Amino acid sequence: MDIYRDYSDQALCSLLKEGDRHAYIEIYSRYNSLLYLYAHKKLRNREEAKDVVQEVFIQLWKRHQQLLFDTSLAGYLYQSVRNRALNIFAHQQIEQKYIDSLNDFLGTETSGTDYLVREKDIAALIEKEINALPPKMREVFLLSRREHKTYKEIAAEMNISEDTVNTQMKRALKTMRDRLGPLFVLIGFFY
């Protein structure tokens, strides 16, 4: 709606707190491109920048009733993008430490027994995380990874759409990546 273009950020925030979708859409239209440029400048990665901005707007809508703007709307949105970018940097540093540690481990001579124990522990950890997935998501994941079925075959077997299979796999992989971090790469070796 064109009338929202003339509203101030403060007026849009008030309407947003009341659940006005048009106010939310106007905020999105007003700040999406600017936030993307800011995120891309910080992250130097297009996909991560898009994801960060999308997450900020998703949270803005989810929390619209509880939002308190200590600063301006623009300040709030830029700070949200900045915080998410910092979280990504912190996560990347932790991932790099795990990868370096894993590379050090793989580069050193270890006894066969020690290696087998570690392999068994890693496999148990991965299995635990797979079992922690919601039942349908776990079933889709296992059919894909252990039985090497296509999404079409899984959809037919479970009597669901291929889109649902695709969505469930994306969520399962994201969950596993979030929970296991660099160990997630090892799933390819075990499954």
Side-chain angles (χ1 to χ4, degrees), residues 1 15-29 31-33 35-36 39-40 43 45-67 77 80-81 83-92 94-96 98-99 102 118-191:
M1 298 186 86
L15 292 169
L16 176 65
K17 284 187 74 135
E18 296 170 12
D20 188 321
R21 286 185 168 274
H22 296 292
Y24 174 78
I25 292 167
E26 177 59 29
I27 292 169
Y28 180 87
S29 297
Y31 287 101
N32 181 50
S33 297
L35 292 174
Y36 169 78
H40 187 266
L43 297 167
N45 180 304
R46 288 180 182 176
E47 293 305 314
E48 283 182 345
K50 285 180 189 176
D51 289 346
V52 163
V53 173
Q54 182 179 9
E55 289 170 15
V56 166
F57 279 110
I58 288 169
Q59 287 305 310
L60 181 68
W61 180 252
K62 281 184 179 178
R63 299 179 56 223
H64 69 272
Q65 293 176 328
Q66 296 88 25
L67 290 175
L77 293 171
S80 296
V81 168
N83 289 342
R84 289 191 183 275
L86 290 174
N87 288 343
I88 288 172
F89 291 139
H91 185 72
Q92 286 172 344
I94 291 168
E95 267 187 10
Q96 191 57 49
Y98 279 117
I99 290 170
L102 184 60
R118 288 177 195 241
E119 184 179 300
K120 186 177 178 182
D121 289 345
I122 290 170
L125 177 64
I126 291 169
E127 194 64 32
K128 177 184 166 202
E129 293 304 333
I130 290 171
N131 289 332
L133 293 172
K136 292 280 185 192
M137 189 182 295
R138 180 176 56 242
E139 185 177 358
V140 168
F141 182 82
L142 292 174
L143 288 171
S144 173
R145 291 300 189 252
R146 285 198 181 148
E147 297 184 26
H148 307 289
K149 293 189 176 187
T150 66
Y151 287 4
K152 188 174 188 174
E153 292 170 331
I154 295 168
E157 184 174 323
M158 294 181 67
N159 198 25
I160 57 178
S161 73
E162 283 185 60
D163 287 337
T164 301
V165 172
N166 186 33
T167 300
Q168 289 293 320
M169 274 304 294
K170 282 182 182 178
R171 289 180 181 162
L173 293 171
K174 182 182 182 328
T175 300
M176 297 294 286
R177 189 171 23 258
D178 290 346
R179 291 180 182 170
L180 294 172
L183 287 178
F184 180 74
V185 174
L186 294 176
I187 288 177
F189 296 119
F190 289 103
Y191 300 99

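Model, not experiment: these values are computed from the prediction.
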What distance do [X] atom [atom1] and [Y] atom [atom2] have between them, rounded to the nearest 0.5 Å?
X      : Y      : atom1 : atom2 : result
Ile27  : Leu35  : CD1   : CG    : 11.0 Å
His148 : Glu153 : NE2   : CD    : 12.0 Å
Ile88  : Asn83  : CD1   : CG    : 11.5 Å
Asn32  : Tyr28  : CG    : OH    : 3.5 Å
Ile154 : Asn159 : CD1   : CG    : 14.0 Å

Counting only N and O atoms by type, is there a donor-acceptor contact under 3.5 Å from the side chain of [X] to the main-chain atoms of [Y]?
X      : Y      : value
Tyr24  : Phe57  : yes
Lys152 : Glu162 : no
Thr167 : Asp163 : yes

Under a 4.5 Å cut-off applied to non-hydrogen side-chain atoms, are [X] and [Y] in contact?
X      : Y      : result
Tyr36  : Val52  : no
Arg84  : Gln59  : yes
Leu15  : Glu26  : no
Met158 : Lys136 : yes

Please report the C-alpha distance between Gln54 and Ile58 in whole Å, then the side-chain angles of each, then the deciding distance to 0.1 Å, and finally whether the side chain to side chain contact (heavy atoms under 4.5 Å, CB included) criterion is met. CA-CA 6 Å; Gln54 182 179 9; Ile58 288 169; 3.8 Å; yes
Worked verdict on Glu147 versus Leu142 for side chain to side chain contact (heavy atoms under 4.5 Å, CB included): CA-CA 7 Å; Glu147 297 184 26; Leu142 292 174; over 6 Å; no
Can you list the steps and then say if Leu60 with Leu77 is a side chain to side chain contact (heavy atoms under 4.5 Å, CB included)? CA-CA 9 Å; Leu60 181 68; Leu77 293 171; 4.2 Å; yes
Nearest heavy atoms of [X] and [Y], plus distance in Å:
X      : Y      : result
Val81  : Ala39  : CG1-CB, 3.7 Å
Trp61  : Gly19  : CH2-O, 3.5 Å
Thr175 : Leu133 : CG2-CD2, 3.8 Å
His64  : Leu16  : CD2-O, 3.0 Å
Val140 : Met169 : CG1-CG, 3.6 Å
Asn45  : His40  : C-CD2, 3.8 Å

What pairs with Glu157 under side chain to side chain donor-acceptor pair (under 3.5 Å), at least two apart in sequence or on another chain?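 For Glu157 the side chain to side chain donor-acceptor pair (under 3.5 Å) partners, ignoring immediate neighbours, are Lys149.
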Derivation of the side chain to side chain contact (heavy atoms under 4.5 Å, CB included) call for Arg145 and Met176: CA-CA 13 Å; Arg145 291 300 189 252; Met176 297 294 286; over 6 Å; no
Does Arg171 have more than 12 heavy atoms from other residues, nucleotides or ligands lying within 6.0 Å of its CZ?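 At most 12 heavy atoms, drawn from other residues, nucleotides or ligands, come within 6.0 Å of this atom.
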